[in-house]
Amino acid sequence: MASIWSLQFHSLSFLLSIWGNKHWLSSNVVRLPTKLLLNHSQLKNNRKVQLRAIAGSSGSEVEQPTQNAVVNSVERGLVLNSEHPFSRFQGTISSFPPVVLMMKKYGGSNLVIGFCIATAILIIAVRAYVVGKSRDNIHGSVADLVRRGHLRSDRRGISSPLKYDDPFNNPLVKVGKGNSTVEMCGKVYRLAPVTLTRDQQAIHQKRRSRAYQWKRPTIFLKEGDSIPPDVDPDTIRWIPANHPFATTTSEIDEDLAQNNVYQKHGVPFRIQAEHEALQRKLEALQNDEKLNNLMIDGRNAKDFQRPFKLYSKSNDPVEESPNNSKVVYSKPPRPKLDPNSSQGNLSSEEMQKP
Amino acid sequence: MVSLQFHPANAKPMSLCPSFQTLNPTKTLKSYPKPRRSVAIASALQWNRKPQLAGETPRVVVITSGKGGVGKTTTTANVGLSLARLGFSVVAIDADVGLRNLDLLLGLENRVNYTVVEVLNGDCRLDQALVRDKRWSNFELLCISKPRSKLPIGFGGKALVWLVDALKSREEGSPDFILIDCPAGIDAGFITAITPANEAVLVTTPDITSLRDADRVTGLLECDGIRDIKMIVNRVRTDMIKGEDMMSVLDVQEMLGLALLGVIPEDSEVIRSTNRGYPLVLNKPPTLAGLAFEQAAWRLVEQDSMQAVMVEEEPKKRGFFSFFGG
Ligand SMILES: Nc1ncnc2c1ncn2[C@@H]1O[C@H](COP(=O)(O)OP(=O)(O)OP(=O)(O)O)[C@@H](O)[C@H]1O
Ligand SMILES: [Mg+2]
């Protein structure tokens, strides 16, 4: 998380991130070195130059031995406490020019402290908001199962996954100096060299070849099948008859299957076969029909007519009013139309055929 | 031991003076998270360049383990997509007859209409059974069978060889990698899956049961003439290794005597990515396991193996920003 955080914020100004990240505690910690520094500046107004001089171990340090001692002790304290995050923190804070400058300018004024507190609150709010947002972006929750239709609950959020873009530039992996450490995702690992040699590898291989003697089965037989005469029994794999996922027999033969795999264009074999079968059936049906038509023409026509008669009969009582006479006159042409046309069709077919 | 800011070895440039501190980027800004180019080390990590494809294409790699549930499918999905991301064309074959789940891990379950069984039967052509990933169009998935359909194992192995052949000669060119996700166990499914392979990735976890199966499977693979076998040690917990509660990766290597392709840490993101149908290596920001898979893919391309393993967690040297980032 740390690295993500700092990634997001590394473009912000130093000051902002100082204040933003450690809540109230941080402002307390900052005040500590502030006081220290202020005291020092009361004692000596040119303290900054002093410090630099000490650090560079130039000759000027001899001038103020007492001051020197004070600063040195501070420094030593920092060194001793270096494992402690706070002291490191103090070190870094006090070494920042903007902070030091601000401290110098406004002394202990409440205004500054108030301003800082306000800024801190603002930054904390912004951070909380950003963290909340980034939490929304952490994917792979049950919500995604919902999105994919495996779970049913529409109350769950729907998220859109992110892509990690460039596989050739990974800022989160760093190799340390001397190739002895590697840092990934903000964690540091030590690299230990692999000691396996070629010889050892060969020894292991030999051991295995002694321990496991195996010939890959080339023929699969169901338990209970008889062994074909020209087959090495070592290469038989016996498959339990109730094997759930595999069958030893197949309705399709090997060559055909191979052709199917190699087929690159066109209609797949089975589809083609089914299509052709259908076509044949259809043709057969049509032929049958023609034969029928030829043979029993008249009865066929009657068969066609019958439903229409039924239709008109069943319809008449419902639709029509008791005034039957009118209906009888107006109605007949309609039911007659269809049988006529069908008969016409038949006759035309008949005419074509012979 | 990596020095902290106040490490005695670096005492000389240390100073309380602000100007000094900022002028000295190696100290305070050591872990400054600005994208910096990492040093290229052959044994460890190489970014900023495309890996060199070694060997003849298509490289037919079977991913196997013996024991079930150690992460074969996870490995296939992540290594496969990593390879695609690195720019290679990949066909992943889910050879887990009946218990397939690679499509789920990849989030492609709704797009699998045809499988190899349908291809064999002639219900569809091979190109219709290949499911192209929309995220990385050079990644394709091929399933062997639907959950309830039966693969004729009488020529299942041969069928896979035909498949590889057909893929080799297809119009858009042969794929660079054909990854085969092998089912657990060493029965018919395993035999079928290893048939077309010329190299194997053995996935194991650092526990004794998984190791015994791995050794056995390695033996069978070697008997079958697959010589190029490398292992991926999955679900490694550095904290447990440190506490001597878990075998270290080097212990595993001592027992199996196999070259290391990768070491994948235990990572809760794995299950999240399964939920999403979005393999770990596509996570942003990347996770530890995702990075490890990516490196494994890198080594697979170059037929390289790990020369060093990451063993022990050290307290991160804390720089200015990481401290605040808490
Ligand atoms: N590095 C890891 N960290 C955490 N969990 C993991 C890791 N690798 C795998 N898993 C989990 O282990 C389980 C099994 O993984 P996976 O399905 O990949 O195994 P498999 O070997 O393919 O199983 P099978 O033998 O059933 O095919 C999954 O639930 C997965 O989330
Ligand atoms: Mg699996």
Side-chain angles (χ1 to χ4, degrees), chain A residues 2-7 10 17 21 51-52 55 79 82 92 95-97 139-140 144-145 148 161-164 167-168 170-171 173-175 179 181 184-185 188-194 196 200-201 204 208 212 214 216 220 245-248 250 252 254 257-258 260-263 268-270, chain B residues 2 6 15-18 20-21 33 35 38-39 41 44-45 47-48 85-86 97-98 119-125 150-155 162 166 188 219-220 222-224 253 257 272-273 275-278 282-286 288 291 307-312 314 316 320-322 324-325:
Chain A
S3 42
I4 301 159
W5 236 122
S6 22
L7 253 182
H10 80 276
S17 43
N21 286 296
L51 269 175
R52 188 176 285 160
V79 173
S82 67
T92 14
S95 62
F96 261 105
H139 300 291
D144 291 289
L145 287 177
R148 295 167 64 196
L162 283 169
K163 275 183 190 170
Y164 154 55
F168 299 114
N170 197 323
V173 179
K174 288 173 209 159
V175 178
N179 299 354
T181 57
M184 282 168 77
C185 294
V188 179
Y189 297 89
R190 186 164 61 82
L191 286 177
V194 162
L196 186 80
Q200 281 170 314
Q201 240 169 304
H204 274 282
R208 273 193 292 261
Y212 313 110
W214 191 65
R216 187 213 316 220
F220 296 86
F245 302 122
T247 55
T248 52
S250 133
I252 194 156
E254 216 172 298
Q258 185 170 10
N260 289 338
V261 172
Y262 285 129
Q263 182 178 7
F269 164 78
R270 177 68 64 94
Chain B
V2 181
F6 296 94
S15 118
L16 287 178
C17 173
F20 256 80
Q21 205 103 71
S38 58
V39 195
I41 302 169
L45 321 159
W47 308 99
N48 303 324
R85 259 161 59 79
L86 295 173
V97 187
V119 175
L120 291 173
N121 285 341
D123 290 326
C124 70
R125 293 189 313 271
K150 293 186 168 194
L151 178 75
I153 49 177
F155 50 91
W162 303 332
L220 303 192
E222 281 166 351
C223 288
D224 200 47
Q253 194 171 37
R272 290 218 190 93
S273 73
N275 285 346
R276 272 165 49 189
Y278 213 81
L282 300 181
N283 272 18
K284 186 183 187 176
L288 267 184
L291 290 174
Q307 299 306 313
V309 292
M310 309 194 309
V311 278
E312 192 180 315
E314 288 190 19
K316 181 169 157 39
F320 186 72
F321 281 95
S322 57
F324 289 110

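Source: prediction; values computed, not measured. All chains are named by letter (A, B, ...) in the order of the sequence lines, taking the proteins before the strands, and each is independently numbered beginning at 1.
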Practice problem: Indicate the atoms forming the closest heavy-atom contact of C223(B) with Y212(A), along with that distance. | Solution: SG-O, 3.2 Å
Quiz item: Do you know the tightest heavy-atom contact between R125(B) and P268(A)?
Solution: N-CG, 3.8 Å
Exercise. Quick one: closest heavy-atom pair of W214(A) and D224(B), and the distance?
Key: CZ3-CB, 4.0 Å
Quiz prompt | Within-4.5 Å side-chain heavy-atom neighbours: V194(A) and V309(B) | solution = yes
Self-check item: Contact class of Q253(B) relative to chain A, heavy atoms under 4.5 angstrom
Solution: both
Exercise. Go through the atoms of Q258(A) and report whether side chain, backbone, both or neither lie under 4.5 Å from a heavy atom of chain B.
Key: both
Practice problem: Search all heavy atoms of L120(B) against all heavy atoms of V261(A) and return the closest pair with its distance. | Solution: CD2-CG2, 3.6 Å
